[in-house]
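Here's the structure we're looking at; comments come further down.
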Amino acid sequence: EVQLQASGGGSVQAGGSLRLSCAASGFTFDDYNIGWFRQAPGKEREGVSCINSVDGSTYYADSVKGRFTISSDNAKNTVYLQMNSLKPEDTAVYYCAAAPGIGVTTAQAILIMLSDDYWGQGTQVTVSS
């Protein structure tokens with residue numbers, strides 16, 4: 001069974017840091033884009049970051065550029081999202097998802113994943129001011 005499990009969320013004060021993990025099982029993501037998304041109450045889900053495991057290219061939403069860093073450990077089949085300088089507006093449930101990586105840019109992959117109907121259990125990030 002193909003699964004992506006997001007973890008590592010928590011509650012921090014503004015300016016703090018968290019590292020989220022996305023562990024894949026049932027497939028190896030060497031040929032995939034792995035993306036991070038978030039959804040705050042009353043808002044639409046948005047793409048936060050994405051990494052292409054084929055060529056290592058990355059994507060960041062403007063709102064997180066310079067603060068968040070995405071990385072992957074192919075040996076562990078895990079993608080990480082290091083979140084620094086957190087702001088209250090980063091508060092949301094964070095999810096990870098996968099899309100084909102060969103011939104698909106990270107920006108294209110974000111759109112593909114946003115159109116997916118299935119989202120696994122996310123991890124809550126709460127940033128207090």
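The chain is numbered in sequence order, starting from 1. Just so you know, these numbers use all the heavy atoms, side chains as well, and skip hydrogens, waters and symmetry mates.
Residues K65 and Y60 approach most closely at CE-O, 3.3 Å, considering heavy atoms. The two atoms that bring T91 and A40 nearest to each other are O-CB, 3.6 Å, heavy atoms only. For the residue pair I70 and T58, the shortest heavy atom distance occurs at CG2-CG2, 3.7 Å. When all heavy atoms of T106 and Y59 are compared, the pair lying nearest together is OG1-CB, 3.3 Å. When all heavy atoms of M113 and A99 are compared, the pair lying nearest together is CG-CB, 3.6 Å. The shortest heavy-atom contact between S72 and I51 is OG-CD1, 3.9 Å.
Remark: Q13 CD is loosely packed, at most 12 non-hydrogen atoms of other residues, nucleotides or ligands lying under 6.0 Å away. Under a cut-off of 6.0 angstrom, the local environment of CZ in F37 is crowded, with over 12 non-hydrogen atoms contributed by other residues, nucleotides or ligands. When the shell of 6.0 Å around CD of Q124 is examined, it contains more than 12 heavy atoms from other residues, nucleotides or ligands.
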Pair N84-F68, side-chain contact (heavy atoms from CB on, under 4.5 Å): steps then yes or no = CA-CA 6 Å; N84 298 329; F68 290 10; over 6 Å; no
Derivation of the side-chain contact (heavy atoms from CB on, under 4.5 Å) call for L4 and F27 = CA-CA 9 Å; L4 288 168; F27 75 106; 3.8 Å; yes
Go through S17 and M83 one step at a time and tell me if the side-chain contact (heavy atoms from CB on, under 4.5 Å) criterion holds.
-> CA-CA 5 Å; S17 298; M83 306 187 296; over 6 Å; no
Pair I110-L114, side-chain contact (heavy atoms from CB on, under 4.5 Å): steps then yes or no = CA-CA 6 Å; I110 288 284; L114 280 173; 3.9 Å; yes
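Rounded to the nearest 0.5 Å, atoms CD (E89) and OG (S129) are 10.0 Å apart. Put simply, OG on S49 and CZ on R67 are 12.0 Å apart, with the number rounded to the nearest 0.5 Å. Atom CG of N52 and atom OG1 of T105 lie 8.5 Å apart (nearest 0.5 Å). Between the SG atom of C96 and the CG atom of L81 there is a distance of 10.0 Å, given to the nearest 0.5 Å.
Donor-acceptor pairing under 3.5 Å is recorded for the side chains of Y94 and R38. Side-chain N/O atoms of D30 and S53 include no donor and acceptor closer than 3.5 Å.
Just one residue in the list T123, V79, V48 forms a side-chain contact (heavy atoms from CB on, under 4.5 Å) with L20, and that residue is T123.
Taken together through direct or relayed side-chain contacts under 4.5 Å among Ile, Leu, Val, Met, Phe, Trp and Tyr, V125 and V12 form part of one hydrophobic cluster. Residues Y80 and V64 fall into different hydrophobic clusters, defined by Ile, Leu, Val, Met, Phe, Trp and Tyr side chains chained together at heavy-atom separations under 4.5 Å.
Ion pair K87/D90 not flagged as a salt bridge, since none of the NZ, NE, NH1 or NH2 atoms sits closer than 4.0 Å to an Asp/Glu carboxylate oxygen.
Contact annotation: the side chain of C22 approaches that of W36 to within less than 4.5 Å [non-hydrogen atoms, C-beta and beyond].
Not one N or O on the side chain of Q108 forms a donor-acceptor pair closer than 3.5 Å with the backbone of I112.
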